[in-house]
Amino acid sequence: MDDQPRLMHSSHGVGMAGHPGLAQHMQDGTGGADDEGRKQDIGNILQQIMTITDQSLDEAQARKHALNCHRMKPALFNVLCEIKEKTVLSIRGAQEEEPPDAQLMRLDNMLLAEGVSGPEKGGGSAAAAAAAAAAGGVGSDNSAEHSDYRAKLSQIRQIYHTELEKYEQACNEFTTHVMNLLREQSRTRPISPKEIERMVSIIHRKFSSIQMQLKQSTCEAVMILRSRFLDARRNFNKQATEILNEYFYSHLSNPYPSEEAKEELAKKCSITVSQVSNWFGNKRIRYKKNIGKFQEEANMYAARTAANATSVSTHGSQANSPSTPNSAGGYSSPCYQSDRRIQ
DNA sequence: GGATATGATTTCCG
DNA sequence: CGGAAATCATATCC
């Protein structure tokens with residue numbers, strides 16, 4: 001308990017001038033017990049620690065410089081580096097080589113295929129080509145349908161590229177910063193060039209994993225876009241439904257297209273035959289379920305086909321035309337119900 | 001968020 | 001097997 005003040009006191013007395021530690025201990029050859037000397041040692045060390053912040057910056061720099069210029073320094077540095085490498089690096093040196101990540105490659109390939117990465121769109125971009133190919137190139141409204149798609153896609157591409165660039169820049173900045181830092185520190189710590197290299201590769205790996213997230217989300221966005229516009233998953237395009245409706249209402253009395261008719265419709269609408277079948281199946285049942293709801297539509301198509309028929313040839317097809325006698329005027333409850341071919 | 005539209009799928013029947 | 005009917009799945013609108 002009462003050691004403390006004394007120790008402090010004594011150390012105060014000695015520590016004043018310069019750096020007394022070792023020399024003083026030796027020279028003073030232990031006039032008393034061992035523990036007395038040890039106490040003094042500890043006192044000195046404590047004192048040095050306490051006063052370390054009192055050193056001026058210049059003094060510290062000077063000492064650092066002196067250390068750096070010491071003739072044994074390079075050798076010592078090498079030895080320390082070696083030891084460090086043996087103990088630390090070998091532990092996790094095994095998992096150095098990573099395979100070129102299948103996931104990342106998949107993403108890259110997809111982005112390339114969709115025209116997000118790769119060459120900037122110059123007339124015949126990969127995206128445009130892919131879009132044209134996917135659509136079968138029959139409908140005349142292709143370009144109109146896909147211009148929206150392309151606009152959105154190029155938006156995505158732009159965002160992707162700016163983000164990517166940002167990441168790259170940040171990565172480079174950070175890398176050079178760390179490298180400078182490590183190089184600076186290698187003057188006082190055993191940091192070998194190899195270690196710096198490793199650090200850089202670690203940083204790159206981290207950043208590329210971030211980039212992968214960017215790629216992932218870009219892929220998702222593109223997929224959503226595709227499913228919206230290209231994959232024909234949802235509604236057929238306007239023209240197709242128009243063609244189908246035209247057929248349906250002009251064959252209202254017997255809305256069962258033959259196999260050939262289905263094929264033709266399929267070709268015209270650039271959909272499959274089974275899709276045509278589905279469409280007619282749905283249409284028939286839904287029309288029957290409430291005719292009232294389709295009244296307007298029926299009138300419209302009836303009028304249209306009637307107009308078409310009259311403009312093309314005045315008579316002829318009138319026999320099996322649905323709008324038979326009273327044409328555009330009172331097209332109330334269509335022949336469907338009375339005809340009841342459906343059931 | 002429910003209502004509605006619409007294409008696809010499933011189930012049942014003749 | 002082709003079609004009717006029910007049902008599912010999803011998009012779109014308010």
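Letters go in sequence order (proteins before strands), and every chain restarts at 1.
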Open item on the list: Without decimals, in angstroms, what is the distance between A:Ile285 CD1 and C:dG2 C1'?
Closed with: 14 Å

Open item on the list: Using whole Å, what does the distance between atom P of nucleotide B:dG7 and atom CZ of A:Phe248 come to?
Closed with: 13 Å

- [ ] Could I get the full list of ring pair (Phe, Tyr, Trp, His ring centres under 6.0 Å) partners for A:Phe207, not counting sequence neighbours?
- [x] none

Task: Spacing between A:Asn254 atom CG and C:dG3 atom C1', to the nearest angstrom - done: 13 Å

TODO: Check whether any side-chain N or O of A:Gln275 sits under 4.0 Å from OP1 or OP2 of B:dG7, and answer yes or no.
DONE: no

Open item on the list: Less than 4.0 angstrom between a side-chain N/O of A:Lys293 and OP1 or OP2 of B:dT6, yes or no?
Closed with: no

Open item on the list: Please enumerate all residues that pass ring pair (Phe, Tyr, Trp, His ring centres under 6.0 Å) together with A:Tyr160, with sequence neighbours excluded.
Closed with: none

Task: Phosphate contact (C:dA5 OP1 or OP2) by A:Lys288 side-chain N/O below 4.0 Å - done: yes

Task: For atom CZ of A:Phe236 and atom C1' of B:dA5, their distance in whole Å - done: 13 Å

Might you list the N or O atoms of the protein lying below 3.5 Å from N or O atoms in nucleotides 9-13 of chain B, with each pair's distance?
none

TODO: Return the value, rounded to whole Å, for the distance between atom CH2 of A:Trp279 and atom C1' of C:dG2.
DONE: 18 Å

- [ ] Give every residue pair that meets the side-chain hydrogen bond (donor to acceptor under 3.5 Å, both in side chains) criterion with at least one member in residues 176-186 of chain A, sequence neighbours excluded.
- [x] A:Gln185-A:Arg189

Task: Value in whole Å for how far the P atom of B:dT6 lies from NZ of A:Lys238 - done: 10 Å

Task: Between C1' of C:dG3 and CZ of A:Arg284, the distance in whole Å - done: 6 Å

- [ ] Check whether any side-chain N or O of A:Asn237 sits under 3.5 Å from a backbone N or O of A:Gln239 as a donor-acceptor pair, and report yes or no.
- [x] yes

Task: salt bridge (charged side-chain N to carboxylate O under 4.0 Å, His left out) against A:Glu297, all qualifying residues, sequence neighbours excluded - done: A:Lys283

TODO: Using a heavy-atom cut-off of under 4.0 Å over every strand shown, decide if A:Lys283 touches base, sugar-phosphate, or nothing.
DONE: nothing

- [ ] Could you state the atom-to-atom distance from CG of A:Leu244 to C1' of B:dA8 in whole Å?
- [x] 15 Å

Task: Contact under 4.0 Å: A:Arg286 side-chain N or O vs B:dA5 OP1/OP2 - done: no

Open item on the list: Which label fits A:Tyr249 and A:Tyr301: parallel for a plane angle under 30°, tilted from 30 to 60°, or perpendicular past 60°?
Closed with: parallel

TODO: Only counting residues at least two apart or in another chain, list the ones meeting salt bridge (charged side-chain N to carboxylate O under 4.0 Å, His left out) with A:Lys166.
DONE: A:Glu163

